[in-house]
Protein chains: 2
Amino acid sequence: MKQSCLAPSEIESRLKAAGVQPTAQRIAIARYVLCEADHPTAEQVKSWADANFPKMSMATVYNTLNALVDAGLLKKHAFPHLNEATYDDNITEHYHLLDEKTGRVFDLDPADVKVTTKLKGVRIKEVDVFIRGSRA
Amino acid sequence: MKQSCLAPSEIESRLKAAGVQPTAQRIAIARYVLCEADHPTAEQVKSWADANFPKMSMATVYNTLNALVDAGLLKKHAFPHLNEATYDDNITEHYHLLDEKTGRVFDLDPADVKVTTKLKGVRIKEVDVFIRGSRA
DNA sequence: ATATAGGTCTTGAATCATTCTAAACAATAA
DNA sequence: TTATTGTTTAGAATGATTCAAGACCTATAT
Ligand SMILES: [Mn+2]
Ligand SMILES: [Mn+2]
Ligand SMILES: [Zn+2]
Ligand SMILES: [Zn+2]
């Protein structure tokens, strides 16, 4: 779990501010992905919902995650080692490290990973860096 | 198409050297992906086969691509903007640029894109860089 | 040359992630 | 209240890839 866990009312404000109608399902999912989970897959969100919400369909999980991505509150990642998407509450520019020993993905601060290009005639919009390795 | 197109006999030698039995289907696919196509998907390989080979099943396309990847002759990529895999004959370290205007993927020479890290306690095995942008 | 054995190819079914459809529901406005 | 609009649901559909079973080849040994 994470350190900064927001109250449901605060989640609600965030959803409204982003133009997303704050339904019970959306508040629950948003709270989970924004302040409890770490790069979860839709399946992991569903498992969490099955254990912590009265009843929620898989379609609602996908609908809600897509809505949060569209609203700019989440970023969807397609990591090259996984065949399912993961959802990231960290929407600032950062990179990822896959620890191949554990299969876990860690965020990398752009201060620690610098990408410099000598490309001519290319307007760069976004850079994805995915490092595979193992932590000591 | 590419400049350096190998003869079927030369493809055959490459397959044998890599421990892959050189069947007609494998020679045809290998020749296409190694010296004609650019980051093709399995579907594109199948389309090419439908137009240039008497008869080939989708399973054979996948089996062959997997065999070539296992033999180290190809690299399989899961680019974040595509839901299907692409196969790369360039097995040296290099990065990729997606031109969002055209949807085309271009190879980037590592001489033009440098990644430097200050990570402590991480043994890096591989670095993927995927740049989104547009060419002038 | 023939038989045998092992690898290869094909068809179609199965699997998995994700989206779609249509109906049921909920909240809101007139 | 009734109309309107947006949301959730179950299940079907889709698309990429793999699996399974049998047919087909090819190499090698007799
Ligand atoms: Mn993927
Ligand atoms: Mn596609
Ligand atoms: Zn992240
Ligand atoms: Zn490439």
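Not measured: the values here are computed from a predicted model. Below, chains carry the letters A, B, ... as their sequence lines are ordered, and counting in each starts from 1.
Atoms CZ (F53(B)) and P (dT8(C)) sit 14 Å apart, rounded to a whole Å. Across the protein-nucleic acid pair, L82(A) atom CG and dA17(C) atom P stand 10 Å apart, rounded to whole Å. Between R26(A) atom CZ and dG6(D) atom P the separation is 11 Å, expressed in whole Å. Protein atom CD of Q25(B) is 17 Å distant from nucleotide atom P of dG7(C), rounded to whole Å. With rounding to whole Å, I27(A) atom CD1 is found 13 Å from dT7(D) atom C1'. Between K46(B) atom NZ and dT17(D) atom P there is a gap of 14 Å when expressed in whole angstrom units. With rounding to whole Å, N83(B) atom CG is found 6 Å from dA16(D) atom P.
Between E36(B) and R31(B) no salt bridge is recorded (no basic side-chain N to carboxylate O distance below 4.0 Å). In this structure, K118(B) does not pair ionically with D112(A), as no charged nitrogen and carboxylate oxygen lie closer than 4.0 Å.
Interface residues of residues 54-75 of chain B facing DNA chain D, ordered by number: A59(B), Y62(B), N66(B); criterion, heavy-atom separation under 4.0 Å.
Sequence neighbours left out, not one pair with a member in residues 50-76 of chain B passes ring pair (Phe, Tyr, Trp, His ring centres under 6.0 Å).
With a 4.5 Å cut-off on side-chain heavy atoms, R14(A) and L6(A) count as touching. With a 4.5 Å cut-off on side-chain heavy atoms, E126(B) and I131(A) do not count as touching.
Under 4.0 angstrom from either OP1 or OP2 of dT8(D) there lies at least one side-chain N or O belonging to T23(A).
Of the residues D38(B), V45(B), D89(B), the one that meets the side-chain contact (heavy atoms from CB on, under 4.5 Å) test with V33(B) is V45(B).
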